[in-house]
Amino acid sequence: MIPSQMQAMVLTRHGGVDALEWRTDYPVPQPKAGEVLVRITATAKNNTDRKVREGLYATHDTGEATSFQMAGETLRFPRIQGADVVGRVVAVGDGVDQGRIGQRGLLDFNIYRSKDPHLNLTPDYYGHGADGGFAEYGVFPSAQFHHIPNDNLSDAELASLGMCSWQTGYHMLTSASVSKGEHVLITGASGGVGSALIQLCRVIGAVPHAISGPGKDKTLRELGAETVIDRMTVTDWAKDIAQAVEGHQIDAVMDLVGGDITPGLIDAMCRDLGTRRTPPRLSIAGASAGNVTPILWTQIYLNQVQIFGVSHGTQAEAQQLIDWIRADRLRPVLAGTMKLSELHDAERLFVERGTDFLGKLVIVPDAEWDQHGAPHALRR
């Protein structure tokens, strides 16, 4: 039986965690043509949830940003956030095979505006331009709710493999044309995208070098990092990176941090240019250390540095990731689970998490907790 009302955490405005309103009487959506209705069992948290809630995205240095608006003003209140959705299909809309009912799936979170499977220039997604997974039910395009039958992956673990981090990371690599044997430097390596990048480098045959905070060395090496650089010990980025990677040339940088460290990362790539086989490349998909960075454009054009801005990814890349998940090529990095009704606490924890925090925090509806949340409950 599908109820008419559900529990949901609803974003009502820009602001702090109090902008998230707990509802027990929110209408259960109905699937339209081409859609499936999903009983949600797990949804991974991402930094974009907080940034959208607080209105922290900006396209110009004016300080006036109120939402993520590159795809148009698709964020409307009330909105259910949560992009990396896992659950079971319980109903289908017109044109969808009834055989999908009962299937477990993982959502490709993008709202695609282009029919080109290799292009996505409007970075909108479920949880922003349409309702996402911080609720008991949700409706999503059938073609983007991918069946994942792997018995070895729990629902919470599968949510930690969600597209928001993994597709962003993969698109960073494909944009920079990273290939087998190349050495890749990854900032913010202990976060969702960073830890995904380490694994993805190994999947495509590249060699990842991680930059992270203290205390992460062992875990990041277990994920596949060749070297781990403690950012707190760096005094000269170019020199210290060269020493840490033992003379290997850094072919490309995957930057999730931005701010003042980015010029030093470019310096590290521009050492010994005469021995390079390819131009220095930098993909950037985050600015947690600062949204404005002073860059010498003479260094960029004289050294032919290629810079790629990355947000989300393409349908073709999402399909490749789904194939790797089904083939057990990707390892979940799950920090733990919390109840949907505890989302306020989860939001605070996400901001205040310590140096020992690694992996994805996954939110589980209260009614699903015993089966899908309790086995992975976050230790607090």
Worksheet item: Ignoring hydrogens and geometry, is there a side-chain-to-backbone donor-acceptor pair from D124 to I111 under 3.5 Å?
Response: no
Practice prompt. Looking only at non-hydrogen atoms, find the nearest pair between V364 and H372 and report the distance.
Written response: CG2-O, 4.0 Å
Worksheet item: What orientation do Y170 and W324 show, parallel under 30°, tilted 30 to 60°, or perpendicular over 60°?
Response: perpendicular
Discussion item. Less than 4.0 angstrom from a charged side-chain N to a carboxylate O is my criterion; do D230 and K216 meet it?
Written reply: no
Worksheet item: Within a strict 4.5 Å, meaning less than it, do heavy atoms of the L256 and L197 side chains meet?
Response: yes
Item to complete: Check step by step if side chain to side chain donor-acceptor pair (under 3.5 Å) holds for R231 and S212.
Response: CA-CA 6 Å; R231 67 173 183 268; S212 187; 4.6 Å; no
Fill in: Residue pair V36 / I101, side-chain heavy-atom distance below 4.5 Å
no
Discussion item. Do the side chains of R53 and E347 get close enough for a salt bridge, i.e. N-O under 4.0 angstrom?
Written reply: yes
Worksheet item: Between T275 and Q249, do the side chains contain an N or O donor and an N or O acceptor separated by less than 3.5 Å?
Response: yes
Item to complete: May I ask you to check whether over 12 heavy atoms, not counting those of E222, lie within 6.0 Å of atom CD?
Response: yes
Discussion item. Check this for me: Q304, atom CD, are more than 12 non-hydrogen atoms of other residues, nucleotides or ligands nearer than 6.0 Å?
Written reply: no
Worksheet item: Does the side chain of D131 come under 3.5 Å of the side chain of Q81 through a donor N or O and an acceptor N or O?
Response: no
Practice prompt. Please check if the distance between the ring centroids of Y126 and F109 is under 6.0 Å.
Written response: no
Practice prompt. Quick one: pull up CG in L107 and CD1 in I148 and give me the separation to the nearest 0.5 Å.
Written response: 11.0 Å
Worksheet item: Any sub-3.5 Å donor-acceptor pair from R276's side-chain atoms to I250's backbone N or O?
Response: yes
Worksheet item: Taking the side chain as C-beta and beyond, is there a heavy-atom pair between Q30 and I2 under 4.5 Å?
Response: no
Worksheet item: Hey, what do you get for CD (E317) to CD (Q320), rounding to the nearest 0.5 Å?
Response: 9.5 Å
Practice prompt. Tell me yes or no: between the side chains of H312 and N110, is some donor less than 3.5 Å from an acceptor?
Written response: yes
Worksheet item: Can you check whether H147's main-chain N or O pairs, donor with acceptor, with R326's side chain at less than 3.5 Å?
Response: yes
Discussion item. Please report the interatomic distance OH(Y137) to CE(M6), rounded to the nearest 0.5 Å.
Written reply: 9.5 Å
Worksheet entry | Test item: side-chain donor near acceptor, H209 and H183, under 3.5 Å | yes
Practice prompt. Identify whether the distance between the nearest side-chain nitrogen and carboxylate oxygen of R331 and E157 falls below 4.0 Å.
Written response: no
Discussion item. Aromatic contact between H14 and F77, with the criterion being ring centroids under 6.0 Å apart: yes or no?
Written reply: yes
Response to the item:
side chain to side chain contact (heavy atoms under 4.5 Å, CB included) filter on A252, not counting sequence neighbours, yields V178, M254, R281
Discussion item. Taking the side chain as everything from C-beta on, heavy atoms only, tell me whether R88 gets closer than 4.5 Å to D155.
Written reply: yes
Worksheet entry | D217 bridged to R221 by N-O distance under 4.0 Å | yes
Worksheet item: Does D260 CG have over 12 foreign heavy atoms under 6.0 Å away?
Response: no
Item to complete: Hey, could you give me the OG/CE distance between S311 and M172, rounded to the nearest 0.5 Å?
Response: 11.0 Å
Worksheet entry | Ionic contact status for D345 with R348, cut-off 4.0 Å | yes
Discussion item. Does any part of the side chain of I198, heavy atoms only, come nearer than 4.5 Å to the side chain of L200, both counted from C-beta?
Written reply: no
Worksheet entry | Pairwise side-chain contact, R23 with M9, heavy-atom cut-off 4.5 Å (strictly under) | no
Worksheet item: In terms of the angle between their ring planes, are F140 and F145 parallel, tilted or perpendicular, with boundaries placed at 30° and 60°?
Response: parallel
Worksheet item: Is a donor on one side and an acceptor on the other found under 3.5 Å between the side chain of R100 and the backbone of S142?
Response: yes
Practice prompt. Flag yes if more than 12 heavy atoms outside D94 fall under 6.0 Å of its CG atom; otherwise flag no.
Written response: no
Worksheet entry | Min side-chain heavy-atom separation Q199-R329 under 4.5 Å | no
Item to complete: Verify whether one side chain among D84 and T43 offers a donor that lies under 3.5 Å from an acceptor in the other.
Response: no
Worksheet entry | R104 bridged to D151 by N-O distance under 4.0 Å | no
Discussion item. I'd like to check L121 versus R113 (side-chain heavy atoms, cut-off strictly below 4.5 Å). Are they in contact?
Written reply: no
Practice prompt. Could you tell me whether the side chains of H171 and T314 share a donor-acceptor contact shorter than 3.5 Å?
Written response: no
Discussion item. Whether the D108 and Y112 side chains hold a donor-acceptor pair (N or O, under 3.5 Å, no angle test) is what I'd like checked.
Written reply: yes
